[in-house]
K.L.:
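Below is one structure. I have some questions about it.
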Amino acid sequence: MSWLRLTRERDRHRFFACGAAAVVIAATLAAGGGLPAAAQDDAQADAPAAPDEALAEQVEESQVEPRPTPSYHQLVPVEVARSATVEVLVAGMVDRPSVRQVEVAGGSGYAFTLTDATGGALEVVGRGKLPVGFGVARTVVVAGSGQGDRFLATEVLVPGANRGLIAVMAVTLVGWLGLFAYVFRLSRRLRRLEEA
Amino acid sequence: MSDSRWRVGAAFLLAAWMTAVIWASFFYVAPALGFRGYHSSRILFYHVPTAWVATLAFLVSCVASIMYLKRRSPEDDARAASSAALGLTFAILATVTGSLFAKIEWRQFWNWDPRQTSIAILLLIYAAYFALRAAVPDPERRATLAAAYAILAFVAVPFLVFVVPRIYFSLHPDVMPGPRRSGGLDSHHAQVLVASVIAFTGVFIWLYNIEIRLERLRRSRQEEML
């Protein structure tokens with residue numbers, strides 16, 4: 001698909017940009033852009049004795065629990081959603097008193113707090129209007145990505161609220177059946193004329 | 001079974017089939033991921049078949065035009081004109097559904113994507129076909145000129161529909177039934193898409209048949225009057 005190719009191309013560019021940045025930083029440090037050797041020695045000498053055990057524990061913890069990297073549109077808990085850089089889904093219950101209108105870049109929007117099954121709370125902010133059925137829904141699914149402590153929603157989905165979809169289907173069906181009835185009547189009239 | 005009953009039966013079968021396709025396009029298939037609009041992928045089930053039927057109708061018009069130049073039968077001319085009219089109608093429907101998809105996905109109804117540009121050119125080419133028909137009063141001369149034009153117009157169709165959008169970078173998704181990992185459709189989407197293509201082709205055949213019968217009747221009445 002063209003748009004997939006586009007995404008991959010973009011990702012590739014980002015990857016190369018990050019790679020190039022890493023090479024430039026490494027080269028700068030290697031060429032002496034970092035601390036001079038003497039200053040490094042002084043710093044080591046001045047520093048208090050390194051708490052080796054605490055450092056080792058930290059390293060061990062980071063190895064035991066690596067930072068999760070969710071995949072595109074994966075359903076994730078609140079903690080992961082908050083730091084998600086790709087668009088993910090998070091499901092939870094809406095804290096009703098927290099639902100409010102807010103001003104966001106490019107117009108008005110909404111904000112509310114979402115609590116998932118783990119008990120974690122997430123501040124959701126989005127642009128535009130909330131979907132039909134949101135007002136009565138207890139559980140919603142939000143698509144979006146994390147930004148700081150907030151979750152920027154691209155879409156709020158209300159499970160079971162298909163009223164909008166049913167309305168579009170009804171219009172399509174009425175259009176089709178109307179066309180069918182008209183053409184069928186025309187066909188019958190034509191048949192009568194042919195037989196006359 | 002008499003011819004009339006067969007026709008009525010086929011019409012009701014088509015109505016039931018299309019109704020099932022409409023229902024399935026909304027409630028049988030799950031929304032496809034990767035689109036900006038959660039349900040926008042459902043337009044696929046209407047956009048692709050209308051574009052397919054437009055191409056088919058232009059092909060039929062081209063074949064009927066060749067037949068006219070060969071046999072000089074007014075019925076072939078009527079077939080070519082009816083088919084081109086239906087092709088133009090379905091091409092307009094494809095443009096409208098495509099623009100709705102573009103509005104949801106790319107925030108604009110029209111952004112001069114190669115696909116949009118090529119279908120705009122195609123619409124103009126076939127609009128000119130009807131302008132040509134309306135400009136020539138002599139029926140035989142009109143039919144000959146229109147037949148030659150329809151053949152030349154169809155030469156541009158594969159180029160505009162299949163070649164141009166693949167030469168230049170296009171935002172248009174190039175979805176084909178196949179494994180989802182390779183960017184293809186999943187089985188439910190593919191089933192409904194194929195069913196929809198069959199239904200729209202059925203609608204085209206039905207409308208084309210009525211147009212031809214109407215034209216035949218008009219001609220026989222004219223002959224009776226003369």
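Order of the sequence lines sets the chain letters (A, B, ...), proteins ahead of strands, with each chain counted from 1.
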K.L.:
Tell me, yes or no, whether the heavy-atom count around A:R96 atom CZ, taken from other residues, nucleotides or ligands under 6.0 Å, exceeds 12.
P.N.:
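Yes, because the 6.0 Å sphere around CZ of A:R96 holds more than 12 heavy atoms from other groups.
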K.L.:
As an exercise, state the distance from CG of A:L190 to CG of B:L214, rounded to the nearest 0.5 Å.
P.N.:
5.5 Å
K.L.:
Let me confirm one number: the CG-CZ distance from A:L193 to B:R218, rounded to the nearest 0.5 Å.
P.N.:
12.0 Å
K.L.:
Does some side-chain heavy atom of B:V203 sit less than 4.5 Å from a side-chain heavy atom of A:W176?
P.N.:
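Counting from C-beta outward, A:W176 and B:V203 do come under 4.5 Å.
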K.L.:
Which donor-acceptor pairs under 3.5 Å do the side chains of residues 21-32 of chain B make with protein atoms, sequence neighbours left out?
P.N.:
residue, atom, partner, partner atom, Å
B:S25, OG, B:V21, O, 3.4
B:S25, OG, B:I22, O, 2.8
B:S25, OG, B:Y46, OH, 2.6
B:Y28, OH, B:Q191, OE1, 2.8

K.L.:
Taking C-beta and beyond as the side chain, do B:S220 and A:E194 meet within less than 4.5 Å on heavy atoms?
P.N.:
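They are not in side-chain contact.
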K.L.:
Are there more than 12 heavy atoms of other residues, nucleotides or ligands under 6.0 Å from atom CZ of B:F159?
P.N.:
no
K.L.:
Go through the atoms of B:R221 and report whether side chain, backbone, both or neither lie under 4.5 Å from a heavy atom of chain A.
P.N.:
side chain
K.L.:
Using the six-membered ring wherever Trp is involved, compare the ring planes of A:F180 and B:F12 and label them parallel, tilted or perpendicular (cut-offs 30° and 60°).
P.N.:
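Ring orientation, 0 to 90° scale: perpendicular.
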K.L.:
Looking only at heavy atoms, what is the nearest atom pair of A:R191 and B:R7, with distance?
P.N.:
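Closest approach of A:R191 to B:R7: NH2-NE, 2.6 Å.
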K.L.:
Would you mind telling me which of A:R188, A:M169, A:E195 has the largest number of heavy-atom pairs within less than 4.5 Å of chain B?
P.N.:
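With the most close heavy-atom pairs to chain B, the winner is A:M169.
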K.L.:
Using a 6.0 Å cut-off, check whether atom CZ of A:R100 has over 12 heavy atoms from anything other than its own residue.
P.N.:
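For A:R100, atom CZ is crowded (more than 12 foreign heavy atoms under 6.0 Å).
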K.L.:
Taking the side chain as C-beta and beyond, is there a heavy-atom pair between A:L165 and B:R42 under 4.5 Å?
P.N.:
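Heavy-atom side-chain distance check passes, below 4.5 Å.
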K.L.:
Does B:R142 have more than 12 heavy atoms from other residues, nucleotides or ligands lying within 6.0 Å of its CZ?
P.N.:
yes
K.L.:
For B:W52, is the CH2 atom crowded, meaning more than 12 foreign heavy atoms sit under 6.0 Å from it?
P.N.:
no
